[in-house]
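Below: one structure, written as structure tokens.
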There are 2 protein chains.
Amino acid sequence: MNGSDSTPTAPGSGAPRRSDATRGAILAAARERFATDGYERATIRAIAKDANIDPSMVMRYYRNKEGLFAAAVAIDLRLPDVSGADRRQDAGRILVEHFLDMWENNEVLTALLRVGVTNQAGAERMQGILRDQLLPVARQVCPDLEQVPARAALMASQLLGLALTRYVLRMPPAVGLARAEIVAWLAPTVQRYLTAPSP
Amino acid sequence: MNGSDSTPTAPGSGAPRRSDATRGAILAAARERFATDGYERATIRAIAKDANIDPSMVMRYYRNKEGLFAAAVAIDLRLPDVSGADRRQDAGRILVEHFLDMWENNEVLTALLRVGVTNQAGAERMQGILRDQLLPVARQVCPDLEQVPARAALMASQLLGLALTRYVLRMPPAVGLARAEIVAWLAPTVQRYLTAPSP
DNA sequence: GGTGTTTGCCAACATCTGTTGACATCCCTC
DNA sequence: GAGGGATGTCAACAGATGTTGGCAAACACC
């Protein structure tokens with residue numbers, strides 16, 4: 001439940017508009033549709049119907065479908081700091097737990113993953129998240145700076161792979177895993193990708 | 001390069017038809033389009049154009065778009081046997097190498113992954129592959145039979161996660177990984193998921 | 001050589017898509 | 001209370017999409 005985050009279009013600036021409720025409803029509906037249907041099948045008409053407004057309002061407030069997607073899917077992973085000496089050796093567990101928390105109650109992540117697979121803009125957005133958010137974390141704990149991108153990519157492959165099988169494809173055995181199980185299995189993997197000496 | 005596999009529709013049965021060349025061309029074009037565009041954006045018209053035939057031929061030979069997809073994407077991972085005592089402790093490396101071989105020169109896998117994310121039928125197909133092909137491999141090497149599904153799911157999460165970041169999203173650091181690097185990093189992970197005692 | 005089936009192309013259909021513009025209505029300001 | 005901008009509704013557009021049926025040519029078989 002993301003709710004209505006202050007000002008939908010220009011966060012933190014501009015006076016509140018009378019249409020903020022509508023804008024928020026559109027964004028909420030868009031997030032849900034993009035998450036369940038992907039980019040192509042999430043039609044503007046369906047989103048507008050969910051938000052109980054006219055399709056033309058979507059165009060007025062977000063220019064076009066791409067603009068709507070850009071506004072609806074803004075992701076801040078809020079990755080925790082793991083640079084402390086004590087936390088560094090626990091980075092795997094901390095990150096896996098944080099990732100699960102994020103995915104379990106944030107449909108925007110599922111939306112972006114679904115869209116990123118079939119839409120170029122979505123894919124680039126995901127590349128940006130890896131570069132701007134995941135990579136810095138790897139830099140905090142990785143010994144050799146030159147290996148940071150590779151290690152971040154490895155971490156991403158495992159975490160996104162879990163999200164893919166569990167939240168998108170909903171493979172029964174992946175859905176059936178308990179949270180504690182996932183942490184116990186994946187934490188050492190991520191820890192190794194981040195800190196183990198290059199094999 | 002999959003080429004034209006004998007009889008496209010009913011494998012291993014029926015006399016060769018005069019239209020086999022056309023059928024094959026359609027399937028090849030469909031595979032490529034589904035792989036690059038996903039299900040929705042891979043239009044029948046575009047596929048027909050690639051195959052240099054009329055769109056109506058696609059409908060004649062494969063009923064509808066779903067039928068075309070079902071015919072175009074039939075996957076046999078040809079997973080190697082790892083039940084031997086010596087191979088069992090090498091299962092991780094063997095499977096990762098085999099997976100890379102498969103993905104590097106088989107666009108059908110990319111097609112299925114792209115479609116599985118936005119299409120229910122595609123998702124079910126992938127679930128079937130996990131159940132019918134990946135799970136038996138896990139059963140060969142996993143000590144506790146009850147844990148087989150969970151371990152197969154873990155293996156799938158890592159392998160599909162790599163495919164996702166490298167072949168679908170094409171995240172630069174994931175694309176930049178050398179084959180040997182991937183094997184060196186992922187083999188121990190898969191090995192642990194399959195054979196390590198439950199953590 | 002005539003017959004029936006297969007193969008292919010063409011035109012069209014109904015529907016859905018993103019998108020646009022005109023018009024009515026509300027609310028705030030002077 | 002009049003004016004003006006913001007907000008919302010309605011109808012329509014142009015194009016694309018899956019799908020269908022009819023019709024000509026090529027072929028196989030007697």
Side-chain angles (χ1 to χ4, degrees), chain A residues 4 7-10 13-30 33-34 36-73 114-115 118-122, chain B residues 4 7-10 13-30 33-34 36-73 114-115 118-122:
Chain A
S4 54
T7 45
T9 45
S13 83
R17 279 153 305 194
R18 190 151 42 98
S19 59
D20 279 359
T22 301
R23 296 173 122 98
I26 294 176
L27 284 192
R33 283 282 176 180
F34 282 134
T36 57
D37 293 344
Y39 189 81
E40 325 290 341
R41 291 183 35 202
T43 71
I44 289 189
R45 281 176 166 86
I47 292 171
K49 195 169 195 176
D50 290 354
N52 266 77
I53 46 96
D54 193 87
S56 62
M57 302 301 294
V58 179
M59 315 304 295
R60 194 198 295 268
Y61 292 139
Y62 301 101
R63 277 185 53 92
N64 51 30
K65 194 176 181 181
E66 275 195 39
L68 173 63
F69 174 73
V73 176
R114 274 224 160 84
V115 173
T118 45
N119 184 273
Q120 182 60 25
Chain B
S4 53
T7 44
T9 45
S13 82
R17 279 154 303 193
R18 190 153 41 97
S19 59
D20 279 359
T22 301
R23 296 174 122 98
I26 294 176
L27 284 192
R33 284 282 176 179
F34 281 134
T36 57
D37 293 344
Y39 189 81
E40 324 291 340
R41 290 183 36 201
T43 70
I44 289 189
R45 281 175 165 87
I47 293 171
K49 195 169 195 176
D50 290 354
N52 268 76
I53 47 95
D54 191 89
S56 62
M57 304 300 296
V58 179
M59 314 305 294
R60 195 199 294 268
Y61 292 139
Y62 301 100
R63 278 184 53 92
N64 51 31
K65 195 175 181 181
E66 274 195 41
L68 173 62
F69 175 74
V73 175
R114 274 224 161 84
V115 173
T118 44
N119 185 273
Q120 183 59 24

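Just so you know, these numbers come straight off a predicted model, no measurement behind them. Letters A, B, ... mirror the listed sequences (proteins, then strands); counts begin at 1.
Separating the CD1 atom of B/Ile53 from the P atom of C/dC9 is a distance of 7 Å, rounded to the nearest angstrom. Between A/Asp20 atom CG and D/dT7 atom P there is a gap of 8 Å when expressed in whole angstrom units. Note: CD (B/Glu40) to C1' (D/dG18) measures 12 Å, nearest angstrom. In this structure, A/Ile44 atom CD1 and C/dT19 atom C1' are separated by 8 Å, rounded to whole Å. Atom-to-atom, CE of A/Met57 to C1' of C/dC26 comes out at 12 Å; the value is rounded to the nearest Å. As a whole-Å value, the separation of A/Tyr39 OH from C/dT17 C1' is 12 Å. Atom OH of A/Tyr62 and atom C1' of C/dT20 are 19 Å apart (whole Å). With rounding to whole Å, B/Ile47 atom CD1 is found 15 Å from D/dA16 atom C1'.
Residue B/Ser19 has a polar side-chain atom (N or O) positioned under 4.0 Å from OP1 or OP2 of C/dT7. At C/dG8, one or more side-chain N or O atoms of B/Tyr61 fall inside 4.0 Å of OP1 or OP2 (strictly under the cut-off).
For the pair A/Arg60 and A/Pro55, both in contact range of DNA chain C, the more 5′-proximal nearest nucleotide belongs to A/Pro55. Each of B/Met59 and A/Asp54 was matched to the nucleotide of DNA chain D holding its nearest heavy atom; the match closer to the 5' end belongs to A/Asp54.
By the 4.5 Å heavy-atom criterion applied to side chains, B/Val58 and B/Leu68 are counted as neighbours. Contact check for B/Glu40 versus A/Thr118: no side-chain heavy atoms found under the 4.5 Å cut-off.
Here the side chain of B/Thr43 pairs a donor or acceptor atom with the backbone of B/Ala46 at under 3.5 angstrom.
Between the NZ atom in B/Lys65 and the CG atom in B/Asn119 there is a gap of 9.0 Å [rounded to 0.5 Å]. Taken from CG in B/Asp54 to CZ in B/Arg45, the straight-line distance is 9.5 Å, to the nearest 0.5 Å.
Each of D/dG22, D/dG18, D/dT9 was ranked by its minimum atom distance to the side chain of B/Arg45; first place goes to D/dG18. Here D/dT7 is the nucleotide among D/dT7, C/dT7, D/dG18 with the atom lying nearest to any side-chain atom of A/Arg23. Comparing C/dC10, C/dT7, C/dT19 by their closest approach to the side chain of A/Asn64 singles out C/dT19.
Residue-level contact check: A/Thr22 touches the backbone only, with heavy atoms under 4.0 Å from sugar-phosphate atoms and none from bases.
At a cut-off of 3.5 angstrom, the base of D/dC10 holds at least one donor-acceptor pair with the side chain of A/Ser56.
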